[in-house]
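Chain letters run A, B, ... following the sequence lines, proteins first, then strands; residues in each count from 1.
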Protein chains: 2
Amino acid sequence: MGIRTRRTERRTDALSKERIVEAAIEILDNDGESALTFRALAARLTTGSGAIYWHVADKNELLAAAIEDVITRATTDMVGGTEPRETIRAIALGVFDAIDLHPWVGSQLSREPLQPAMLQIFEGIGGRLQALGVPERAQFDSWSALVNYILGVAGQNAANARHTRETDRSAFLSTVAARWAQLDPAKYPFLRQVATPMREHDDREQFLAGIDLILAGIGTVR
Amino acid sequence: MGIRTRRTERRTDALSKERIVEAAIEILDNDGESALTFRALAARLTTGSGAIYWHVADKNELLAAAIEDVITRATTDMVGGTEPRETIRAIALGVFDAIDLHPWVGSQLSREPLQPAMLQIFEGIGGRLQALGVPERAQFDSWSALVNYILGVAGQNAANARHTRETDRSAFLSTVAARWAQLDPAKYPFLRQVATPMREHDDREQFLAGIDLILAGIGTVR
DNA sequence: ACCTGAACACCGTTCAAGT
DNA sequence: ACCTGAACACCGTTCAAGT
(Lines give C-alpha, C1' and ligand atoms only; values in the text may rest on other atoms or scores of the structure.)
Protein backbone atom coordinates (compact mmCIF):
# COMPACT_ATOMS: atom_id res chain seq x y z
CA MET A 1 0.00 0.00 0.00
CA GLY A 2 1.11 3.60 -0.59
CA ILE A 3 3.74 4.88 -2.91
CA ARG A 4 7.19 3.40 -2.64
CA THR A 5 9.78 6.12 -2.44
CA ARG A 6 13.22 4.83 -3.16
CA ARG A 7 15.18 6.09 -0.19
CA THR A 8 12.83 6.27 2.79
CA GLU A 9 11.14 2.94 2.13
CA ARG A 10 12.79 -0.11 3.65
CA ARG A 11 12.28 -3.76 3.18
CA THR A 12 9.67 -4.71 5.77
CA ASP A 13 12.07 -7.03 7.52
CA ALA A 14 14.75 -4.38 7.95
CA LEU A 15 16.05 -3.97 11.46
CA SER A 16 14.86 -1.03 13.52
CA LYS A 17 14.83 -0.14 17.16
CA GLU A 18 11.08 -0.78 17.29
CA ARG A 19 11.38 -4.27 15.83
CA ILE A 20 14.24 -5.08 18.18
CA VAL A 21 12.33 -3.87 21.22
CA GLU A 22 9.25 -5.76 20.10
CA ALA A 23 11.22 -8.97 19.75
CA ALA A 24 12.88 -8.40 23.12
CA ILE A 25 9.47 -8.02 24.80
CA GLU A 26 8.31 -11.27 23.21
CA ILE A 27 11.33 -13.12 24.53
CA LEU A 28 10.93 -11.60 27.99
CA ASP A 29 7.22 -12.45 28.08
CA ASN A 30 7.58 -15.98 26.78
CA ASP A 31 10.83 -17.17 28.25
CA GLY A 32 11.69 -14.87 31.12
CA GLU A 33 14.42 -12.40 31.87
CA SER A 34 17.30 -14.83 31.70
CA ALA A 35 16.36 -15.78 28.13
CA LEU A 36 16.98 -12.30 26.77
CA THR A 37 20.47 -12.39 25.30
CA PHE A 38 21.78 -10.58 22.28
CA ARG A 39 22.43 -13.92 20.64
CA ALA A 40 18.85 -15.12 21.20
CA LEU A 41 17.56 -11.78 20.04
CA ALA A 42 19.71 -11.88 16.92
CA ALA A 43 18.56 -15.41 16.16
CA ARG A 44 14.90 -14.42 16.46
CA LEU A 45 15.52 -11.48 14.16
CA THR A 46 17.68 -13.64 11.87
CA THR A 47 20.57 -11.27 12.00
CA GLY A 48 24.01 -11.06 13.56
CA SER A 49 24.30 -10.17 17.22
CA GLY A 50 26.44 -7.17 16.39
CA ALA A 51 23.74 -5.71 14.14
CA ILE A 52 21.59 -4.92 17.16
CA TYR A 53 24.23 -2.52 18.41
CA TRP A 54 23.68 -0.35 15.38
CA HIS A 55 20.17 0.47 16.70
CA VAL A 56 20.60 0.12 20.45
CA ALA A 57 23.52 1.29 22.60
CA ASP A 58 23.58 -1.64 25.00
CA LYS A 59 21.43 -3.97 27.05
CA ASN A 60 20.44 -1.28 29.52
CA GLU A 61 19.04 0.87 26.76
CA LEU A 62 17.23 -2.13 25.34
CA LEU A 63 15.57 -2.90 28.66
CA ALA A 64 14.72 0.74 29.24
CA ALA A 65 13.07 0.91 25.84
CA ALA A 66 11.12 -2.29 26.53
CA ILE A 67 9.83 -0.92 29.83
CA GLU A 68 9.00 2.39 28.21
CA ASP A 69 6.99 0.53 25.61
CA VAL A 70 4.96 -1.52 28.07
CA ILE A 71 4.34 1.29 30.56
CA THR A 72 3.39 3.76 27.87
CA ARG A 73 0.90 1.31 26.42
CA ALA A 74 -0.55 0.70 29.89
CA THR A 75 -1.02 4.36 30.71
CA THR A 76 -2.50 5.08 27.30
CA ASP A 77 -5.28 2.55 27.78
CA MET A 78 -6.15 4.05 31.12
CA VAL A 79 -9.55 5.62 31.53
CA GLY A 80 -9.14 8.27 34.18
CA GLY A 81 -12.32 8.85 36.18
CA THR A 82 -12.93 12.28 37.57
CA GLU A 83 -12.91 11.38 41.26
CA PRO A 84 -9.33 11.62 42.59
CA ARG A 85 -9.48 8.55 44.80
CA GLU A 86 -10.85 6.48 41.94
CA THR A 87 -8.22 7.81 39.58
CA ILE A 88 -5.42 6.87 41.94
CA ARG A 89 -6.86 3.39 42.16
CA ALA A 90 -7.13 3.22 38.38
CA ILE A 91 -3.54 4.35 37.87
CA ALA A 92 -2.25 1.87 40.43
CA LEU A 93 -4.27 -0.92 38.87
CA GLY A 94 -2.94 0.02 35.45
CA VAL A 95 0.60 -0.49 36.69
CA PHE A 96 -0.39 -3.67 38.47
CA ASP A 97 -2.03 -5.17 35.40
CA ALA A 98 0.86 -4.24 33.13
CA ILE A 99 3.27 -5.96 35.49
CA ASP A 100 0.98 -8.92 35.84
CA LEU A 101 1.16 -9.28 32.07
CA HIS A 102 4.90 -8.59 31.88
CA PRO A 103 6.44 -9.60 35.21
CA TRP A 104 9.96 -8.68 34.10
CA VAL A 105 8.85 -5.04 34.14
CA GLY A 106 8.37 -5.42 37.87
CA SER A 107 11.89 -6.45 38.57
CA GLN A 108 13.35 -3.89 36.19
CA LEU A 109 11.24 -1.22 37.83
CA SER A 110 12.52 -1.98 41.30
CA ARG A 111 16.04 -1.81 39.85
CA GLU A 112 15.55 1.39 37.89
CA PRO A 113 12.43 3.11 39.20
CA LEU A 114 13.11 6.47 37.56
CA GLN A 115 12.14 5.34 34.09
CA PRO A 116 10.84 8.24 31.99
CA ALA A 117 7.51 6.48 31.42
CA MET A 118 7.02 6.28 35.18
CA LEU A 119 6.96 10.07 35.43
CA GLN A 120 3.40 10.20 34.14
CA ILE A 121 2.36 7.67 36.73
CA PHE A 122 4.17 9.48 39.52
CA GLU A 123 2.63 12.77 38.42
CA GLY A 124 -0.80 11.23 38.06
CA ILE A 125 -0.76 10.01 41.63
CA GLY A 126 0.72 13.18 43.06
CA GLY A 127 -1.71 15.41 41.20
CA ARG A 128 -4.69 13.47 42.52
CA LEU A 129 -3.42 13.77 46.06
CA GLN A 130 -3.54 17.52 45.65
CA ALA A 131 -7.04 17.27 44.23
CA LEU A 132 -7.96 15.15 47.22
CA GLY A 133 -7.13 18.08 49.47
CA VAL A 134 -4.13 16.52 51.18
CA PRO A 135 -2.34 19.32 53.08
CA GLU A 136 0.77 20.45 51.25
CA ARG A 137 3.15 19.40 54.05
CA ALA A 138 1.80 15.82 53.85
CA GLN A 139 1.82 15.51 50.07
CA PHE A 140 5.39 14.32 49.64
CA ASP A 141 5.19 11.59 52.28
CA SER A 142 1.76 10.46 51.06
CA TRP A 143 2.96 10.29 47.50
CA SER A 144 6.10 8.43 48.45
CA ALA A 145 4.15 5.88 50.51
CA LEU A 146 1.88 5.09 47.57
CA VAL A 147 4.72 4.92 45.07
CA ASN A 148 6.93 2.75 47.26
CA TYR A 149 4.05 0.40 47.94
CA ILE A 150 3.31 0.07 44.23
CA LEU A 151 6.96 -0.59 43.42
CA GLY A 152 7.14 -3.09 46.26
CA VAL A 153 4.23 -5.10 44.94
CA ALA A 154 5.75 -4.88 41.48
CA GLY A 155 8.95 -6.45 42.71
CA GLN A 156 7.09 -9.14 44.61
CA ASN A 157 5.03 -10.09 41.60
CA ALA A 158 8.14 -10.33 39.50
CA ALA A 159 9.76 -12.58 42.09
CA ASN A 160 6.69 -14.79 42.19
CA ALA A 161 6.64 -15.01 38.42
CA ARG A 162 10.26 -16.13 38.39
CA HIS A 163 9.37 -19.06 40.63
CA THR A 164 6.16 -19.66 38.77
CA ARG A 165 7.89 -20.26 35.48
CA GLU A 166 8.92 -23.77 36.44
CA THR A 167 5.74 -24.92 38.14
CA ASP A 168 2.55 -22.91 38.04
CA ARG A 169 1.44 -19.99 40.10
CA SER A 170 -1.12 -21.60 42.41
CA ALA A 171 1.25 -24.50 43.00
CA PHE A 172 3.94 -22.08 44.10
CA LEU A 173 1.65 -20.25 46.51
CA SER A 174 0.41 -23.57 47.85
CA THR A 175 3.97 -24.60 48.56
CA VAL A 176 4.67 -21.41 50.48
CA ALA A 177 1.37 -21.68 52.33
CA ALA A 178 2.03 -25.31 53.20
CA ARG A 179 5.47 -24.44 54.50
CA TRP A 180 4.07 -21.64 56.65
CA ALA A 181 1.29 -23.86 57.94
CA GLN A 182 3.94 -26.18 59.31
CA LEU A 183 5.96 -23.55 61.13
CA ASP A 184 6.41 -23.84 64.88
CA PRO A 185 3.11 -22.55 66.37
CA ALA A 186 4.94 -21.13 69.36
CA LYS A 187 7.27 -19.00 67.25
CA TYR A 188 5.15 -18.22 64.21
CA PRO A 189 1.47 -18.07 65.22
CA PHE A 190 0.65 -15.26 62.81
CA LEU A 191 2.28 -16.73 59.72
CA ARG A 192 0.55 -20.03 60.40
CA GLN A 193 -2.79 -18.32 60.62
CA VAL A 194 -2.14 -16.29 57.50
CA ALA A 195 -1.22 -19.35 55.44
CA THR A 196 -4.82 -19.89 54.40
CA PRO A 197 -5.63 -16.41 53.07
CA MET A 198 -2.16 -16.52 51.50
CA ARG A 199 -3.19 -19.49 49.43
CA GLU A 200 -6.66 -18.29 48.57
CA HIS A 201 -6.24 -14.59 48.08
CA ASP A 202 -6.64 -12.66 44.87
CA ASP A 203 -3.46 -10.69 44.23
CA ARG A 204 -5.30 -7.90 42.49
CA GLU A 205 -7.80 -7.37 45.30
CA GLN A 206 -5.07 -7.59 47.89
CA PHE A 207 -3.12 -4.94 46.01
CA LEU A 208 -6.14 -2.65 45.89
CA ALA A 209 -6.81 -3.23 49.59
CA GLY A 210 -3.30 -1.96 50.30
CA ILE A 211 -3.88 1.15 48.20
CA ASP A 212 -7.12 1.77 50.08
CA LEU A 213 -5.42 1.37 53.45
CA ILE A 214 -2.78 3.91 52.52
CA LEU A 215 -5.43 6.27 51.17
CA ALA A 216 -7.35 5.85 54.41
CA GLY A 217 -4.19 6.72 56.32
CA ILE A 218 -3.66 9.77 54.14
CA GLY A 219 -7.25 10.74 54.85
CA THR A 220 -6.53 10.96 58.56
CA VAL A 221 -4.03 13.79 58.03
CA ARG A 222 -5.68 17.12 58.70
CA MET B 1 44.11 -20.99 73.72
CA GLY B 2 42.53 -24.38 74.43
CA ILE B 3 43.86 -27.83 73.71
CA ARG B 4 44.64 -28.67 70.11
CA THR B 5 42.97 -31.90 69.13
CA ARG B 6 44.47 -33.34 66.02
CA ARG B 7 41.41 -33.88 63.86
CA THR B 8 38.80 -31.29 64.80
CA GLU B 9 41.23 -28.37 64.96
CA ARG B 10 41.88 -26.60 61.67
CA ARG B 11 44.40 -24.06 60.62
CA THR B 12 42.80 -20.71 61.26
CA ASP B 13 42.91 -19.80 57.61
CA ALA B 14 41.06 -22.93 56.52
CA LEU B 15 38.09 -22.33 54.28
CA SER B 16 34.62 -22.56 55.77
CA LYS B 17 31.17 -21.43 54.76
CA GLU B 18 31.29 -18.71 57.41
CA ARG B 19 34.57 -17.29 56.16
CA ILE B 20 33.31 -17.40 52.58
CA VAL B 21 30.08 -15.62 53.45
CA GLU B 22 31.96 -13.05 55.48
CA ALA B 23 34.28 -12.31 52.57
CA ALA B 24 31.32 -12.13 50.19
CA ILE B 25 29.62 -9.56 52.40
CA GLU B 26 32.78 -7.47 52.47
CA ILE B 27 33.00 -7.48 48.71
CA LEU B 28 29.30 -6.64 48.35
CA ASP B 29 29.57 -3.80 50.87
CA ASN B 30 32.76 -2.31 49.50
CA ASP B 31 32.47 -2.81 45.78
CA GLY B 32 28.82 -3.52 45.01
CA GLU B 33 26.86 -6.44 43.67
CA SER B 34 28.60 -6.66 40.33
CA ALA B 35 31.96 -7.11 42.05
CA LEU B 36 30.97 -10.38 43.70
CA THR B 37 32.36 -13.09 41.44
CA PHE B 38 33.73 -16.46 42.41
CA ARG B 39 37.08 -15.44 41.03
CA ALA B 40 37.21 -12.25 43.10
CA LEU B 41 36.03 -14.17 46.13
CA ALA B 42 38.69 -16.83 45.60
CA ALA B 43 41.38 -14.20 45.19
CA ARG B 44 40.38 -12.50 48.43
CA LEU B 45 40.46 -15.86 50.21
CA THR B 46 43.68 -16.77 48.40
CA THR B 47 42.28 -20.04 47.11
CA GLY B 48 41.07 -21.51 43.85
CA SER B 49 37.63 -20.57 42.59
CA GLY B 50 36.58 -24.22 42.60
CA ALA B 51 37.35 -24.57 46.30
CA ILE B 52 34.36 -22.40 47.18
CA TYR B 53 32.05 -24.97 45.68
CA TRP B 54 33.13 -27.45 48.31
CA HIS B 55 31.41 -25.27 50.95
CA VAL B 56 28.66 -23.57 48.99
CA ALA B 57 26.39 -25.10 46.36
CA ASP B 58 26.24 -22.12 44.00
CA LYS B 59 25.92 -18.36 43.86
CA ASN B 60 22.28 -18.40 44.91
CA GLU B 61 23.12 -20.21 48.11
CA LEU B 62 25.97 -17.83 48.73
CA LEU B 63 23.72 -14.80 48.38
CA ALA B 64 21.01 -16.39 50.50
CA ALA B 65 23.54 -17.06 53.24
CA ALA B 66 24.84 -13.49 53.04
CA ILE B 67 21.33 -12.09 53.40
CA GLU B 68 20.56 -14.48 56.23
CA ASP B 69 23.66 -13.25 57.99
CA VAL B 70 22.85 -9.56 57.69
CA ILE B 71 19.14 -9.87 58.49
CA THR B 72 19.74 -12.14 61.45
CA ARG B 73 22.25 -9.71 62.88
CA ALA B 74 19.81 -6.85 62.37
CA THR B 75 16.91 -8.58 64.11
CA THR B 76 19.13 -9.71 66.97
CA ASP B 77 20.15 -6.17 67.83
CA MET B 78 16.53 -5.08 67.88
CA VAL B 79 15.09 -3.85 71.14
CA GLY B 80 11.39 -4.61 70.98
CA GLY B 81 9.34 -2.16 72.97
CA THR B 82 6.13 -3.37 74.51
CA GLU B 83 3.75 -1.10 72.63
CA PRO B 84 2.69 -2.79 69.36
CA ARG B 85 2.78 0.30 67.20
CA GLU B 86 6.25 1.17 68.47
CA THR B 87 7.44 -2.37 67.92
CA ILE B 88 6.26 -2.37 64.32
CA ARG B 89 8.12 0.87 63.78
CA ALA B 90 11.23 -0.60 65.42
CA ILE B 91 11.11 -3.74 63.28
CA ALA B 92 10.63 -1.74 60.11
CA LEU B 93 13.46 0.59 61.05
CA GLY B 94 15.67 -2.39 61.76
CA VAL B 95 15.18 -3.63 58.22
CA PHE B 96 15.63 -0.14 56.86
CA ASP B 97 18.90 0.41 58.69
CA ALA B 98 20.28 -2.99 57.71
CA ILE B 99 19.55 -2.23 54.07
CA ASP B 100 20.96 1.24 54.40
CA LEU B 101 24.19 -0.37 55.59
CA HIS B 102 24.10 -3.18 52.99
CA PRO B 103 22.14 -1.92 49.98
CA TRP B 104 22.63 -5.15 48.04
CA VAL B 105 20.34 -6.82 50.60
CA GLY B 106 17.58 -4.57 49.33
CA SER B 107 17.81 -5.70 45.75
CA GLN B 108 18.22 -9.34 46.72
CA LEU B 109 15.20 -9.05 48.98
CA SER B 110 12.96 -7.74 46.25
CA ARG B 111 14.18 -10.63 44.10
CA GLU B 112 13.78 -13.33 46.73
CA PRO B 113 11.56 -11.97 49.47
CA LEU B 114 10.85 -15.33 51.12
CA GLN B 115 14.25 -15.61 52.75
CA PRO B 116 14.11 -17.66 55.95
CA ALA B 117 15.46 -14.77 58.01
CA MET B 118 12.56 -12.64 56.83
CA LEU B 119 10.07 -14.93 58.52
CA GLN B 120 10.86 -13.44 61.92
CA ILE B 121 10.29 -9.98 60.55
CA PHE B 122 7.06 -10.98 58.85
CA GLU B 123 5.86 -12.68 62.02
CA GLY B 124 6.92 -9.78 64.19
CA ILE B 125 4.83 -7.36 62.18
CA GLY B 126 1.84 -9.68 61.91
CA GLY B 127 1.86 -10.50 65.60
CA ARG B 128 1.84 -6.84 66.56
CA LEU B 129 -1.09 -6.17 64.26
CA GLN B 130 -3.05 -8.72 66.26
CA ALA B 131 -1.91 -7.10 69.49
CA LEU B 132 -3.06 -3.79 68.05
CA GLY B 133 -6.58 -5.17 67.87
CA VAL B 134 -6.86 -5.17 64.08
CA PRO B 135 -9.98 -7.19 63.18
CA GLU B 136 -9.06 -10.63 61.95
CA ARG B 137 -10.55 -10.12 58.48
CA ALA B 138 -8.29 -7.09 57.99
CA GLN B 139 -5.10 -8.62 59.32
CA PHE B 140 -3.88 -10.20 56.11
CA ASP B 141 -4.34 -7.10 53.97
CA SER B 142 -2.84 -4.86 56.65
CA TRP B 143 0.14 -7.12 57.04
CA SER B 144 0.67 -7.37 53.32
CA ALA B 145 0.47 -3.59 52.87
CA LEU B 146 3.18 -3.05 55.46
CA VAL B 147 5.41 -5.80 54.12
CA ASN B 148 5.09 -4.71 50.51
CA TYR B 149 5.83 -1.13 51.46
CA ILE B 150 8.95 -2.17 53.35
CA LEU B 151 10.18 -4.31 50.48
CA GLY B 152 9.42 -1.50 48.05
CA VAL B 153 11.56 0.95 49.96
CA ALA B 154 14.25 -1.69 50.24
CA GLY B 155 14.37 -2.02 46.46
CA GLN B 156 14.41 1.72 45.96
CA ASN B 157 17.27 2.21 48.37
CA ALA B 158 19.23 -0.49 46.62
CA ALA B 159 18.61 1.19 43.27
CA ASN B 160 19.72 4.54 44.66
CA ALA B 161 22.85 2.97 46.10
CA ARG B 162 23.72 1.49 42.71
CA HIS B 163 23.67 4.95 41.17
CA THR B 164 25.38 6.45 44.18
CA ARG B 165 28.44 4.29 43.85
CA GLU B 166 29.84 6.37 40.99
CA THR B 167 29.04 9.82 42.31
CA ASP B 168 27.75 10.41 45.81
CA ARG B 169 24.30 10.15 47.24
CA SER B 170 23.31 13.79 47.59
CA ALA B 171 24.71 14.51 44.14
CA PHE B 172 22.48 11.82 42.69
CA LEU B 173 19.36 13.11 44.41
CA SER B 174 20.23 16.64 43.34
CA THR B 175 20.45 15.48 39.75
CA VAL B 176 17.03 13.87 39.91
CA ALA B 177 15.57 16.87 41.68
CA ALA B 178 17.11 19.23 39.15
CA ARG B 179 15.70 17.19 36.30
CA TRP B 180 12.24 17.21 37.85
CA ALA B 181 12.43 20.91 38.55
CA GLN B 182 12.85 21.47 34.83
CA LEU B 183 9.89 19.39 33.70
CA ASP B 184 7.11 21.00 31.74
CA PRO B 185 5.01 22.83 34.38
CA ALA B 186 1.86 22.18 32.40
CA LYS B 187 2.35 18.44 32.34
CA TYR B 188 4.19 17.81 35.60
CA PRO B 189 3.14 20.38 38.19
CA PHE B 190 3.32 17.95 41.08
CA LEU B 191 6.74 16.51 40.33
CA ARG B 192 8.13 20.00 39.90
CA GLN B 193 6.75 21.02 43.27
CA VAL B 194 8.05 17.87 44.91
CA ALA B 195 11.57 18.34 43.59
CA THR B 196 12.57 20.41 46.61
CA PRO B 197 11.48 18.02 49.38
CA MET B 198 12.96 15.26 47.21
CA ARG B 199 16.37 16.88 47.46
CA GLU B 200 16.16 17.79 51.12
CA HIS B 201 14.32 14.91 52.68
CA ASP B 202 15.71 12.42 55.17
CA ASP B 203 15.16 8.91 53.81
CA ARG B 204 14.76 7.41 57.21
CA GLU B 205 12.09 9.86 58.34
CA GLN B 206 10.29 9.55 55.06
CA PHE B 207 10.28 5.80 55.46
CA LEU B 208 8.83 6.07 58.96
CA ALA B 209 6.22 8.55 57.77
CA GLY B 210 5.05 5.93 55.28
CA ILE B 211 4.81 3.30 58.00
CA ASP B 212 2.79 5.72 60.10
CA LEU B 213 0.44 6.50 57.25
CA ILE B 214 -0.25 2.81 56.69
CA LEU B 215 -0.72 2.26 60.42
CA ALA B 216 -3.13 5.20 60.47
CA GLY B 217 -5.04 3.60 57.60
CA ILE B 218 -5.12 0.29 59.44
CA GLY B 219 -6.45 2.15 62.45
CA THR B 220 -9.50 3.28 60.51
CA VAL B 221 -10.66 -0.31 60.02
CA ARG B 222 -13.27 -1.14 62.64
C1' DA C 1 38.32 -34.50 53.10
C1' DC C 2 39.57 -30.62 50.99
C1' DC C 3 41.80 -27.83 47.47
C1' DT C 4 43.80 -26.53 42.65
C1' DG C 5 43.26 -24.61 38.31
C1' DA C 6 42.36 -25.70 33.59
C1' DA C 7 38.36 -26.32 30.79
C1' DC C 8 33.49 -25.64 29.26
C1' DA C 9 29.56 -23.25 27.91
C1' DC C 10 27.91 -19.23 28.14
C1' DC C 11 27.60 -13.82 28.42
C1' DG C 12 27.85 -8.52 26.60
C1' DT C 13 30.42 -5.90 23.61
C1' DT C 14 33.69 -4.59 19.85
C1' DC C 15 35.29 -4.20 15.35
C1' DA C 16 37.45 -5.30 10.87
C1' DA C 17 35.36 -6.64 6.94
C1' DG C 18 31.73 -6.86 3.88
C1' DT C 19 27.37 -4.94 1.06
C1' DA D 1 24.35 3.32 6.12
C1' DC D 2 23.75 -0.94 7.73
C1' DC D 3 24.97 -5.69 8.63
C1' DT D 4 28.10 -9.99 9.53
C1' DG D 5 30.34 -12.92 12.55
C1' DA D 6 34.73 -13.85 14.59
C1' DA D 7 37.19 -12.30 18.59
C1' DC D 8 37.77 -10.51 23.39
C1' DA D 9 37.22 -10.32 28.15
C1' DC D 10 34.52 -11.88 31.26
C1' DC D 11 31.03 -15.03 33.84
C1' DG D 12 29.30 -19.49 36.81
C1' DT D 13 30.23 -24.09 37.16
C1' DT D 14 32.55 -28.65 36.62
C1' DC D 15 35.98 -31.94 37.31
C1' DA D 16 40.27 -34.62 36.84
C1' DA D 17 44.14 -34.28 39.41
C1' DG D 18 46.59 -33.37 43.44
C1' DT D 19 47.45 -33.34 48.90
Of all pairs that satisfy ring pair (Phe, Tyr, Trp, His ring centres under 6.0 Å), the ones with a partner from residues 16-43 of chain A, not counting sequence neighbours: F38(A)-Y53(A)
Atom-to-atom span, CG of L41(A) to C1' of dC3(D) - whole angstrom: 15 Å
Test item: R199(B) side-chain N/O and L173(B) main-chain N/O as donor-acceptor pair under 3.5 Å: no
Side-chain N or O of H55(B) closer than 4.0 Å to phosphate OP1/OP2 of dA1(C): no
Spacing between L62(B) atom CG and dC11(D) atom C1', to the nearest angstrom: 15 Å
Main-chain N/O of T72(A) paired to T75(A) side chain as donor or acceptor, under 3.5 Å: yes
Side chain to side chain donor-acceptor pair (under 3.5 Å) contacts in which one or both residues fall within residues 101-115 of chain A, not counting sequence neighbours: D29(A)-H102(A), D29(A)-W104(A), E33(A)-S107(A), E112(A)-H163(B)
For a quick test of your reading: what N or O donor-acceptor pairs under 3.5 Å do the side chains of residues 204-212 of chain B make, sequence neighbours left out?
unit_1	atom_1	unit_2	atom_2	d
R204(B)	NE	D97(B)	OD1	2.8
R204(B)	NH2	D97(B)	OD2	2.8
Q206(B)	OE1	H201(B)	NE2	2.9
Q206(B)	NE2	S144(A)	OG	2.8
D212(B)	OD1	R89(B)	NH1	2.8
D212(B)	OD2	R89(B)	NH1	2.6

Side-chain N or O of W54(A) closer than 4.0 Å to phosphate OP1/OP2 of dC3(D): no
Salt bridge flag under 4.0 Å for residues E61(B) and K17(B): yes
I20(A) CD1 - dC2(D) P separation (whole Å): 12 Å
Consecutive-pair stems (3 or more, Watson-Crick or G-U, under 3.5 Å) for DNA chain C: C:4-8 with D:12-16, C:12-16 with D:4-8
Least distance between heavy atoms, R44(B) atom then A23(B) atom: CD-CB, 3.9 Å
Under 4.0 Å protein heavy-atom contacts per nucleotide of nucleotides 12-19 of chain C, with B for base, S for backbone only and - for none: BBB-----
E33(A) CD - dC11(C) C1' separation (whole Å): 16 Å
Results of ring pair (Phe, Tyr, Trp, His ring centres under 6.0 Å) for Y188(A) - residues two or more places apart only: none
